[in-house]
Amino acid sequence: MAADLSISLPAPLPEVDELVVTLTPSSSASADHPDDYLVKIRNLAAALPVLPRRVVFVSSTRVFEGRTDERPLTEEDAPATVTERGRVVLAGELLARELLDSYIVRPAGIYGPGREMLLRTVVGGTPVDYARRTNRIHQIDLARAIDTMLQVHEPPRLVHAVDQAPTPLGDVVTYIAHLLGRQPPPRTEPGIPSGTVLDGARLLELLGNLQYPTFKAGYAEMIEAQQRQLG
């Protein structure tokens, strides 16, 4: 059913057993122009006739945007936000816990068919910060994580949806360029290491394995599929 969660719903939603909440804050949110992200969560909670048996709230590793630790961050590490969007994401997690008793999944760098930003970056020769620490998850493994969180008896209250290969962005685009037979994109300066490294041990324990444990398997498959389509 279609509904605009930014306004109060005229009638209760159907009763459901499980619920996955995947809202996205506006990229233009600011202190002067707040996002309606939190309003949508409140309206959703108010429209539910009863609390579902299990609610999974999909957040983001953006909540660590202010961390610059070189060590891998786990689910036990405290978030640190510096932008309004980051603060809204973290507030959404807290509100979802309060109103929906939600279990939280924080994906990082979702990629896969249809999510091909880095492929376009390499093809377009867009300058890249090679030193930036990055984390990612293939969309199939993210879907598996959400489904498992709904199904298992006692899932973790919080899990980072990241694969087993946190990697500087320069290594990722260089690998993609190699597969495409192109020159790697230019570097941005000054190339000072930034970003975070996230530990994916809890996700691996939850799933047992990842279908795409590193970016290499995922991007190789994507590029091979594109090349087959082109004949």
Excluding sequence neighbours, so at least two apart, what forms side chain to side chain contact (heavy atoms under 4.5 Å, CB included) with Q211?
I140, D141, R144
Just by distance, do the side chain of Q164 and the backbone of G200 share a donor-acceptor pair under 3.5 Å?
yes
Is any side-chain heavy atom of L48 closer than 4.5 Å to one of L100?
yes
Are any of the side-chain nitrogens in E93 or R97 under 4.0 Å away from the carboxylate oxygens of its partner?
no
Quick check against the 3.5 Å criterion: does T214 have a side-chain atom that pairs as donor or acceptor with the backbone of K216?
yes
The criterion is side chain to side chain donor-acceptor pair (under 3.5 Å); which residues satisfy it with D17, sequence neighbours excluded?
none
Could you check whether any side-chain heavy atom of P184 comes within less than 4.5 Å of a side-chain heavy atom of V173, counting everything from C-beta outward?
no
Output all residues satisfying salt bridge (charged side-chain N to carboxylate O under 4.0 Å, His left out) with D69, sequence neighbours left out; order by chain, then residue number.
R67, R71
Before giving the answer on side chain to side chain contact (heavy atoms under 4.5 Å, CB included), spell out for D163 and R136 the whole-Å C-alpha distance, their side-chain angles and the decisive distance to 0.1 Å.
CA-CA 6 Å; D163 67 20; R136 58 195 47 78; 3.6 Å; yes
Report whether L51 and F57 are members of the same hydrophobic cluster (ILVMFWY, side-chain heavy atoms less than 4.5 Å apart, transitive linking).
yes
Residue pair I223, L180: steps toward the side chain to side chain contact (heavy atoms under 4.5 Å, CB included) verdict
CA-CA 7 Å; I223 292 169; L180 292 172; 3.8 Å; yes
Among all residues two or more places apart in sequence or in another chain, which pass the side chain to side chain donor-acceptor pair (under 3.5 Å) test with Y103?
R157
Report the residues that fulfil side chain to side chain donor-acceptor pair (under 3.5 Å) with Q183, sequence neighbours left out, ordered by chain and then residue number.
none
Establish, yes or no, whether a centroid distance under 6.0 Å links the rings of Y219 and H138.
no
If two hydrophobic side chains count as joined below 4.5 Å and joins carry through other members, does V88 share a cluster with V63?
no
Would you say that L13 contacts M1 through its side chain, given a criterion of any heavy-atom pair below 4.5 Å between the two side chains?
yes
Taking every heavy atom of P185 against every heavy atom of V128, the minimum-distance pair comes out as CG-CG2, 3.9 Å
Counterpart residues, ring-ring contact (aromatic ring centres under 6.0 Å, His included), relative to F215 (two or more places apart):
Y175
Identify all side-chain donor-acceptor contacts of residues 114-123 below 3.5 Å with residues at least two apart in sequence or on another chain.
unit_1 : atom_1 : unit_2 : atom_2 : d
E116   : OE1    : Q226   : NE2    : 3.3
E116   : OE2    : G114   : N      : 3.2
T121   : OG1    : M117   : O      : 3.0

Give the C-alpha distance, both sets of side-chain angles, the deciding distance and a yes or no for side chain to side chain contact (heavy atoms under 4.5 Å, CB included) between Q227 and L179.
CA-CA 11 Å; Q227 292 172 341; L179 293 180; over 6 Å; no
Going hydrophobic residue to hydrophobic residue with side-chain gaps under 4.5 angstrom, can you get from V21 over to V89?
no
What heavy-atom pair brings P107 and S59 nearest, and what distance separates the two atoms?
CD-O, 3.3 Å
What's the spacing between N135 CG and L169 CG if we round to 0.5 Å?
11.0 Å
Tell me, please, which residues at least two apart from T22 pass side chain to side chain contact (heavy atoms under 4.5 Å, CB included).
V20, V58
Answer with yes or no whether the hydrophobic clustering places I104 together with I41; edges join I, L, V, M, F, W, Y residues whose side-chain heavy atoms lie under 4.5 Å apart.
yes
Under the side chain to side chain contact (heavy atoms under 4.5 Å, CB included) test, which residues partner A46, sequence neighbours left out?
none
Minimum heavy-atom separation for P79 to L90, with atom names?
CG-CD1, 3.9 Å
From L38 atom CG to L99 atom CG, the distance as rounded to the nearest 0.5 Å:
10.0 Å
Would you say V152 ends up clustered with L142 if hydrophobic residues are merged whenever their side chains have heavy atoms under 4.5 Å apart, either directly or through other cluster members?
yes
Roughly how far apart are E189 CD and Y130 OH, rounded to 0.5 Å?
11.0 Å
Taken in chain and number order and not counting sequence neighbours, the residues that satisfy side chain to side chain donor-acceptor pair (under 3.5 Å) with S6 are D4
State, without any angle test, whether E65 and T83 hold a side-chain donor-acceptor pair at a distance under 3.5 Å.
yes
Please assess R133 against T167 for the test side chain to side chain contact (heavy atoms under 4.5 Å, CB included), listing each intermediate value before the final yes or no.
CA-CA 6 Å; R133 307 179 191 100; T167 310; over 6 Å; no
Count the heavy atoms belonging to other residues, nucleotides or ligands that lie under 6.0 Å from CD of Q151, then report whether that count exceeds 12.
yes
Euclidean distance, D77 CG relative to D199 CG, rounded to 0.5 Å
9.0 Å
Can you give me the closest heavy-atom contact between T174 and G170, atom names plus distance?
OG1-O, 2.7 Å
Can you see which heavy atom on G191 is nearest to which on A131, and at what distance?
O-CB, 3.2 Å
Please find out if less than 6.0 Å separates the ring center of Y212 from that of Y111.
no
Identify each donor-acceptor pair in which a side-chain atom of residues 201-209 lies under 3.5 Å from a protein atom, sequence neighbours left out, and give them as a table.
unit_1 : atom_1 : unit_2 : atom_2 : d
R202   : NH1    : L158   : O      : 2.8
R202   : NH2    : E76    : OE2    : 2.9

Interatomic distance, T148 atom OG1 to L150 atom CG [nearest 0.5 angstrom]
8.5 Å
With T61 via side chain to side chain contact (heavy atoms under 4.5 Å, CB included) - residues at least two apart:
R106, A108, L198
Straight-line distance of L44 CG to L95 CG, nearest 0.5 Å
10.0 Å
State, to 0.1 Å, how close L5 and N43 come at their nearest heavy-atom pair, and which atoms those are.
O-ND2, 2.9 Å
Answer yes or no: is there a side-chain heavy-atom contact under 4.5 Å between V105 and M149?
yes
I'd like to know if the side chain of R54 reaches the main chain of H153, judged simply by a donor and an acceptor atom lying under 3.5 Å from each other, with no hydrogens or angles considered.
yes
